[in-house]
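What follows is a short report on a single structure.
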Amino acid sequence: MYLDRDQMLVVLNALPDPVFVLTETGLYAGLYGHADPKYYHDAKDLLGASVRDVMPAEVAESIMEQIQEALHRNGLLKVEYPLSSQQVKGLENSAGPGGTLWFEGHVQPFPGLVDGERAVIWVARNITRRKQLEDELLEASQTDPLTHVANRRRLMDVLEFHFGAYRRYRHPMALIMFDLDHFKQLNDRFGHLTGDRVLRCLCDLCRQDLRENDLLARFGGEEFMIVLPSTTAERAAQTAERIRTHISTGVAAELDQALNVTISLGVSELLETDTSLEQVIQRVDDAVYQAKDEGRDRVVVNAAG
């Protein structure tokens, strides 16, 4: 036996994901499914409306492009996109999940015409949790687990990006490296757990002196680097001095007055003669060693090629 029309509608409306029928001019001609309000809003008010009337212009044009692409292919098209109910007229006050959601759209041609137009079936699957997990995994792969700043892998990716931008467009970039003075002695006297607390506190204090687009990263052990885009060595030296002063008093004030924590800092910038990242890294490393040789707790600039 076969299901009749009413029985088929019951089946379709029991589907967990929304199934839209969209015409090639962008009209919502049909809506089925989306039975779970934890994942979807009730979009029945969209029926008969135009994509261009209910969506922001940029979103609407993207949807129209996907419709045309699926029709042109005459086959399945998959697309991922973010959307919130606040962006869709008619859904602002409807019950459903809050915030921006991520969807995976399965778009394929409808077999036949709908009100005289070609159309597509658009199944929208909520993949927000998957996207969140992907972001969490990416963050974990790029973050130092102790200090929660960028790790060496993330640092090198960012440096490669800015080095390429400098080679092509001469966008300046400065680099600061710093190293904790007498860190082994601190660990020996107060213990490694206190040493860990010092590293975390140092990073928290350092970030207070940085801009949003600067990157603080753990280079290794008690060595850290700061990438400062659109910055010269002269300006970076001023930032380095602020950080040095902040650290020399801030760690003791935050953790324990008995902790005498200082850092030695090296500063350099990308130069026209640089053919690799290793050259600017070597310059800041040399500057740190010079700062230590000169008595520690100071900033040394090495801008020579």
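All heavy atoms count here, side chains included; hydrogens, waters and symmetry mates do not.
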Could you report the tightest heavy-atom contact between Val288 and Leu265, atom names first, then the distance?
CG2-C, 4.1 Å
Look at the side-chain heavy atoms of Ile, Leu, Val, Met, Phe, Trp and Tyr, link any pair under 4.5 Å apart, and say whether Leu215 and Leu199 land in one connected group.
no
I'd like to know if the side chain of Asp286 pairs up with that of Gln282 as donor and acceptor (distance under 3.5 Å, no hydrogens or angles considered).
yes
Can you find a pair of side-chain heavy atoms, one from Gln87 and one from Glu58, that are under 4.5 Å apart?
no
Just checking, is any N or O donor in the side chain of Thr275 or Gln279 under 3.5 Å from an acceptor N or O on the other one?
yes
For a quick check under 3.5 Å, do Glu269 and Thr231 share a side-chain donor-acceptor pair by atom type?
no
Between Ile226 and Val284, is there shared hydrophobic-cluster membership here, with clusters defined by ILVMFWY side-chain heavy atoms closer than 4.5 Å?
no
Do Ile243 and Leu216 sit in one hydrophobic cluster, given that two such residues count as connected whenever their side-chain heavy atoms are within less than 4.5 Å of each other, even indirectly?
yes
Any side-chain heavy-atom pair from Leu22 and Tyr28 closer than 4.5 angstrom?
yes
Do Ile176 and Phe163 belong together in a cluster built from hydrophobic side chains that touch within less than 4.5 Å?
no
What I want to find out is whether Glu241 reaches Arg298 closely enough, with some N-O distance under 4.0 Å, to be called a salt bridge.
no
Minimal heavy-atom distance between Ala253 and Gln257, with the atoms involved, is CA-NE2, 3.7 Å
Any donor and acceptor pair, going by atom type alone, linking the side chain of Asp285 with main-chain N or O of Ile281 inside 3.5 Å?
no
Using the six-membered ring wherever Trp is involved, compare the ring planes of Tyr81 and Trp122 and label them parallel, tilted or perpendicular (cut-offs 30° and 60°).
perpendicular
Heavy-atom nearest pair, Leu31 first then Pro18, reads CD1-CB, 4.2 Å
May I ask you to check whether Thr143 and Asn151 show a side-chain donor-acceptor distance below 3.5 Å?
no
Using a 6.0 Å distance limit plus a 45 degree cone around the ring axis, check whether Arg168 lies over the aromatic ring of Tyr166.
no
Can you tell if the side chain of Glu117 reaches within under 4.5 Å of the side chain of Leu113, non-hydrogen atoms only?
no
Side-chain heavy-atom pair Asp214, Val227 within 4.5 angstrom cut-off:
no
Can a donor-acceptor pair be found between the side chains of Gln108 and His106 at a distance below 3.5 Å?
no
Identify the residue among Val59, Thr100, Ile63 that makes a side chain to side chain contact (heavy atoms under 4.5 Å, CB included) with Leu83.
Val59
With a 4.0 Å cut-off on N to O distance, would you call Arg283 and Asp274 a salt bridge?
yes
Between Glu278 and Ser276, do the side chains contain a donor N or O and an acceptor N or O under 3.5 Å apart?
yes
Please find the pair of heavy atoms, one from Asn187 and one from Gly195, that lie closest to each other, and give the distance.
OD1-CA, 3.3 Å
Below 4.0 angstrom, N of the basic side chain to O of the carboxylate: do Arg129 and Glu134 qualify?
no
Are His182 and Asn260 close enough that some pair of their side-chain heavy atoms sits under 4.5 Å apart?
no
Would you check if Leu15 and Tyr32 make a side-chain contact, meaning some heavy-atom pair closer than 4.5 Å?
no
Regarding Arg152 and Glu223, does a basic nitrogen lie under 4.0 Å from an acidic carboxylate oxygen?
no
Other residues, nucleotides, ligands: >12 heavy atoms within 6.0 Å of Asn213 CG:
yes
Separation between CD1 of Ile263 and CZ of Phe224, rounded to the nearest 0.5 Å
9.5 Å
Between Val261 and Leu180, is any pair of side-chain heavy atoms under 4.5 Å apart?
yes
With side chains defined as the heavy atoms from C-beta onward, is the minimum distance between Leu146 and Asp196 less than 4.5 Å?
yes
Note: Leu202 and Ile247 closest approach over all heavy atoms is O-CD1, 3.7 Å
Using a strict threshold of under 4.0 Å (side-chain N to carboxylate O), is an ion pair present between Asp204 and Arg200?
no
Can you confirm whether Arg170 is buried at CZ, in the sense that more than 12 heavy atoms of other residues, nucleotides or ligands lie under 6.0 Å from that atom?
yes
Give me the atom names and distance for the closest heavy-atom approach of His148 to Arg207.
O-NH1, 3.5 Å
When clusters are formed by joining ILVMFWY residues with side-chain heavy atoms under 4.5 Å apart, either directly or through shared neighbours, do Val51 and Leu101 land in the same one?
yes
Given the rule in the side chain to side chain donor-acceptor pair (under 3.5 Å) test, do Ser268 and Asn302 qualify, once you have shown the distances and angles that lead to the verdict?
CA-CA 5 Å; Ser268 192; Asn302 183 357; 5.4 Å; no
Can you see whether Gln132 engages Glu136 through a side-chain donor-acceptor pair at a distance of less than 3.5 angstrom?
no
Taken to the nearest 0.5 Å, the spacing of Leu270 CG from His162 NE2 works out to 9.5 Å
Glu234 CD: over 12 foreign heavy atoms closer than 6.0 Å
no
Given Thr239, Asp209, Asp297, the one that forms side-chain hydrogen bond (donor to acceptor under 3.5 Å, both in side chains) with Arg244:
Asp297
